[in-house]
Amino acid sequence: MTATAAPVPSQKLEFLASEGDQWHARNQSALAASSPLRDLAVSCIADHLPVGRTARVLEIGCGQGGNLAALAARHSIEAHGIEPSREAVAAGSKLYPGLTLRTGTADGLPYDDASFDMVWFGFCLYLVDRSLLMRAVAEADRVLRDGGALAIVDFDPDTPCVRPYHHRPGLNSYKMDHARLFLANPAYVLAEKRATSHTTGRWEADPQERVAVTVCRKDLAHAYVPL
């Protein structure tokens, strides 16, 4: 008799149901503290926003909006964020009333096509279900305007790997260079990449702890060379 494999839990449903809220509760002190990674990400992203006008920015996996608020302090932006934790969205809406935060996930963005100058994955792609990963890529591409920029803050190991997500049995952390999923499309060009540690803000030799801020530009007009 052949044993039936246990079904793989849906990371999306787990985060929408409770793990997103629990992550928010566990990280209150970290969210309130200064962060070298946040400073690096905000600095890199600000350099790629349009000059001379208000930029429309979406952060996917925005938590309670601290990253967006830090960016808004540096650049004129219309800030939008989407996040699976209802508690984080509620807290952020009170803390930062100038932000527009919504509950949701990367695979189904409730925004119009080509409606953002910057789409920013805020340290969340490593937790996206692998069955939904390409849908998340397609959704980010859909809402990003031509000429806009895409930013990814995430783990940056030497090779793709999977590890158990230690806060919830059955879930996983999927570490890889997620920017490659966009750069396989000739419409995307690598503009900047800064590798660091998510705790110290300095170079991290351990590839399992290394993170990167990667910025790509979207340029449909120059994606293909005419023959």
Side-chain angles (χ1 to χ4, degrees), residues 8-21 23-24 41 44-45 48 56-65 67-68 79-86 88-89 100-146 148-157 160-163 165 167-168 170-191 193 198 211-218 220 223:
V8 177
S10 166
Q11 309 214 155
K12 171 183 174 177
L13 295 181
E14 291 283 345
F15 272 82
L16 285 170
S18 62
E19 181 53 29
D21 289 341
W23 185 97
H24 179 252
C44 289
I45 289 167
H48 292 275
R56 200 160 188 260
V57 176
L58 169 65
E59 184 182 11
I60 302 169
C62 65
Q64 63 183 27
N67 296 332
L68 282 170
H80 295 259
I82 191 164
E83 159 67 35
S85 168
R86 291 169 177 79
V89 168
T100 301
L101 308 181
R102 303 175 70 164
T103 303
T105 54
D107 58 294
L109 300 177
Y111 308 101
D112 292 337
D113 294 357
S115 55
F116 290 99
D117 298 294
M118 166 70 73
V119 174
W120 173 7
F121 284 100
F123 221 139
C124 63
L125 279 171
Y126 76 102
L127 293 171
V128 172
D129 291 277
R130 295 303 93 170
S131 62
L132 298 176
L133 182 59
M134 297 311 295
R135 194 178 303 176
V137 170
E139 280 290 275
D141 176 64
R142 179 183 65 79
V143 302
L144 179 63
R145 71 169 181 85
D146 186 22
L150 175 100
I152 298 173
V153 180
D154 219 292
F155 288 106
D156 187 44
C161 57
V162 59
R163 279 187 166 184
Y165 177 70
H167 296 294
R168 182 65 64 91
L171 302 188
N172 291 314
S173 297
Y174 298 95
K175 300 181 180 182
M176 62 173 285
D177 181 358
H178 287 93
R180 292 187 179 187
L181 301 174
F182 291 90
L183 293 170
N185 180 341
Y188 284 86
V189 177
L190 179 64
K193 181 173 181 177
H198 62 89
V211 298
V213 180
T214 307
V215 182
C216 305
R217 305 292 307 199
K218 182 178 180 180
L220 291 168

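Numbering of residues begins at 1 and proceeds along the displayed sequence. What you are looking at is a predicted structure, and each value in this text was computed from that prediction instead of being measured.
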Mark yes or no for whether Asp154, through its side chain, and Leu125, through its backbone, hold a donor-acceptor pair below 3.5 Å. yes

Hey, what do you get for CG (Asp107) to NZ (Lys12), rounding to the nearest 0.5 Å? 3.5 Å

Which of these passes side chain to side chain contact (heavy atoms under 4.5 Å, CB included) with Phe123: Ile152, Val211, Ile60? Val211

Please report the closest heavy-atom contact between Tyr111 and Gly81, naming both atoms and the distance. OH-O, 3.8 Å

So, taking the atom named NE2 in His178 and the one named CG in Leu133, what distance separates them when rounded to the nearest 0.5 Å? 5.0 Å

Mark yes or no: Arg163 above the aromatic ring of Phe155, with NZ or CZ under 6.0 Å from the six-membered ring centre and no more than 45 degrees from the axis. no

Search all heavy atoms of Leu127 against all heavy atoms of Ser173 and return the closest pair with its distance. CD2-OG, 4.2 Å

Treating Arg56 as the side-chain partner and Ser115 as the backbone partner, does any N or O pair qualify as donor plus acceptor under 3.5 Å? yes

For a quick check under 3.5 Å, do Ser131 and Asp129 share a side-chain donor-acceptor pair by atom type? no

Only counting residues at least two apart or in another chain, list the ones meeting side chain to side chain donor-acceptor pair (under 3.5 Å) with Glu59. Asn67

Taken in chain and number order and not counting sequence neighbours, the residues that satisfy salt bridge (Lys or Arg N to Asp or Glu O under 4.0 Å) with Glu19 are Arg26, Arg168

Do Asn185 and Val137 have side-chain heavy atoms sitting under 4.5 Å apart? no

Flag, side chain of Arg102 to backbone of Val89, donor-acceptor distance under 3.5 Å: no

Can you tell me how far OH of Tyr126 sits from OH of Tyr165, rounded to the nearest 0.5 angstrom? 6.0 Å

Taking Arg142 first and then Asp113, would you say they form a salt bridge - that is, a charged N and a carboxylate O separated by under 4.0 Å? yes

Do Leu150 and Phe182 make a side-chain contact, defined as non-hydrogen atoms from C-beta onward lying under 4.5 Å apart? yes

Closest approach of Tyr174 to Gln11 (non-hydrogen atoms, all atoms of both residues): CE1-OE1, 4.0 Å

Can you confirm whether Tyr188 sits close enough to Leu144 that some side-chain heavy atom of one is under 4.5 Å from a side-chain heavy atom of the other? yes

Show your working on side chain to side chain contact (heavy atoms under 4.5 Å, CB included) between Asp141 and Lys218 and close with a plain yes or no. CA-CA 9 Å; Asp141 176 64; Lys218 182 178 180 180; 3.2 Å; yes

Any donor-acceptor N/O pair, Arg130 side chain to Val128 backbone, under 3.5 Å: yes

Check the orientation of His80 and Phe116. Use parallel for under 30°, tilted for 30 to 60°, and perpendicular for over 60°. perpendicular

Are the side chains of Ile82 and Leu109 in touch, meaning some heavy atoms are under 4.5 Å apart? yes

Side-chain donor/acceptor of Asn172 to backbone N/O of Val162, under 3.5 Å: no

Minimum heavy-atom separation for Cys216 to Ala179, with atom names? SG-CB, 4.4 Å

CG (Leu16) and CG (Asp21) are apart, to the nearest 0.5 Å, by 9.5 Å

Partners meeting salt bridge (Lys or Arg N to Asp or Glu O under 4.0 Å) with Arg180 (sequence neighbours left out): Asp177

If every non-hydrogen atom of Ala191 is compared with every non-hydrogen atom of His48, which pair is closest and at what distance? CB-CE1, 3.7 Å

Correct closest heavy-atom pair for Glu83 and Ala88 would be CG-CB, 4.1 Å

NZ/Lys175 to CG/Asp156 distance, rounded to the nearest 0.5 angstrom? 11.0 Å

